[in-house]
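The next block holds one structure in the form of structure tokens; read it before the comments.
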Number of protein chains: 2
Amino acid sequence: MQCDCGASVEAVDAAHAEHVAKTLKALADPNRLRILALVSSSESGEACVCDLTGPLGLSQPTVSHHMRILREAGIVESDRRGKWVHFRIAAEAPAEVGAVLDRLAVGV
Amino acid sequence: MQCDCGASVEAVDAAHAEHVAKTLKALADPNRLRILALVSSSESGEACVCDLTGPLGLSQPTVSHHMRILREAGIVESDRRGKWVHFRIAAEAPAEVGAVLDRLAVGV
DNA sequence: CAGATGTATCGATGGATGTCAATATGTAGA
DNA sequence: TCTACATATTGACATCCATCGATACATCTG
């Protein structure tokens, strides 16, 4: 520590960093990003697992696994109606989600 | 595909999703988030590896490894001045970086 | 109740990733 | 040139993660 940059020892609480990282980890997968794009761009703003396997080229268990990760991160919320489980972007989704969806839509 | 959600087959290009995911992967590590917080909150807006190993409790090679990932993702840029390599948040850092830094600072 | 259909879970597997010790590279000063 | 110090790279290792097939669970319809 010889450099005089003035870096503080506790700029960010480790637990807090862990929490934010957990959200970002849930977003940091190309197929999960495509899932979010498909869900948010669908007419109803919702989609079921069986709607996603085709466009994504993934198996049903894999898509279900991704939905679980997104749900546990608070990024999507689900709602069972009959045989189908409808997923949509969560109302109280973390702040970064909006920024990521925008960038996905814009195509930058 | 029995559900009538109206999900389109090509909501987001796979290559584009891959690209955005790469940025998010670089951000999705608690120690890299702490690095960004330390760098951006330092007096000069810069920090060297040797400034970070102490606060993070990580070895010098590990911190150097993280800086490489952040640099290759375009999140930080580096500048060698004498023995030290100074890192700072890149001027043209991806859009999500700002949102993440804000959330880190706010402590939400 | 029995069959069909949508979803979730389990177990296995190949690949990616974070970490460190050892070592190499680069730079300043004696 | 030799030494000290900051950083980068390499190799090894343990762990996590995305994926799939098989299977269990849930719901609707005959």
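Order of the sequence lines fixes the chain letters, A, B, ..., with proteins taken first and strands second; residue numbering starts at 1 for each chain.
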(message) Nearest whole Å is fine: how far is D:dA18 P from A:Leu27 CG?
(response) 12 Å
(message) Could you check whether A:Lys22 pairs with A:Glu18 (Lys NZ or Arg NE/NH1/NH2 to Asp/Glu carboxylate O, under 4.0 Å)?
(response) no
Report each atom pair, protein N/O against N/O of nucleotides 18-23 of chain C, whose distance is under 3.5 angstrom.
residue	atom	partner	partner atom	Å
C:dG18	OP1	B:Arg32	NH1	3.4
C:dG18	OP1	B:Arg32	NH2	2.8
C:dT19	OP1	B:Asn31	ND2	2.7
C:dT19	OP2	B:His66	NE2	2.4
C:dC20	OP2	B:Ser59	N	3.0
C:dC20	OP2	B:Ser59	OG	2.9
C:dC20	OP2	B:Thr62	OG1	2.6

(request) Quick one: closest heavy-atom pair of B:Leu58 and B:Thr62, and the distance? (result) CD1-CG2, 4.1 Å
(message) Please pick, from D:dA6, C:dT7, D:dT9, the nucleotide with the shortest atom-to-atom distance to any side-chain atom of B:Arg68.
(response) D:dT9
(request) Check every atom of C:dT27, C:dT5, D:dT7 against the side chain of A:Lys83 and return the nucleotide holding the closest atom. (result) C:dT5
(message) Just the rounded figure in Å: distance from P of D:dA8 to CD of B:Glu72.
(response) 11 Å
(request) Check the distance between C:dT7's P and A:Arg81's CZ and give it to me in whole angstrom. (result) 12 Å
(request) Round to a whole Å and report the spacing from CG of B:Leu52 to C1' of D:dA8. (result) 15 Å
(request) Measure from CD on B:Glu46 to C1' on D:dT7 and round the result to the nearest Å. (result) 16 Å
(request) Using atom types as modelled and distance alone, determine if a side-chain donor or acceptor of B:Arg32 lies under 3.5 Å from a backbone N or O of B:Lys25. (result) yes
(request) Could you tell me whether A:Glu77 and A:Arg88 make a salt bridge, using a distance below 4.0 angstrom between a side-chain N and a carboxylate O? (result) yes
(message) Using 0.5 Å steps for rounding, measure from the NE2 atom of B:His65 to the CG atom of B:Asn31.
(response) 11.0 Å
(request) Run the salt-bridge test on B:Arg103 and B:Glu96 with the 4.0 Å N-O cut-off and return the result as yes or no. (result) no
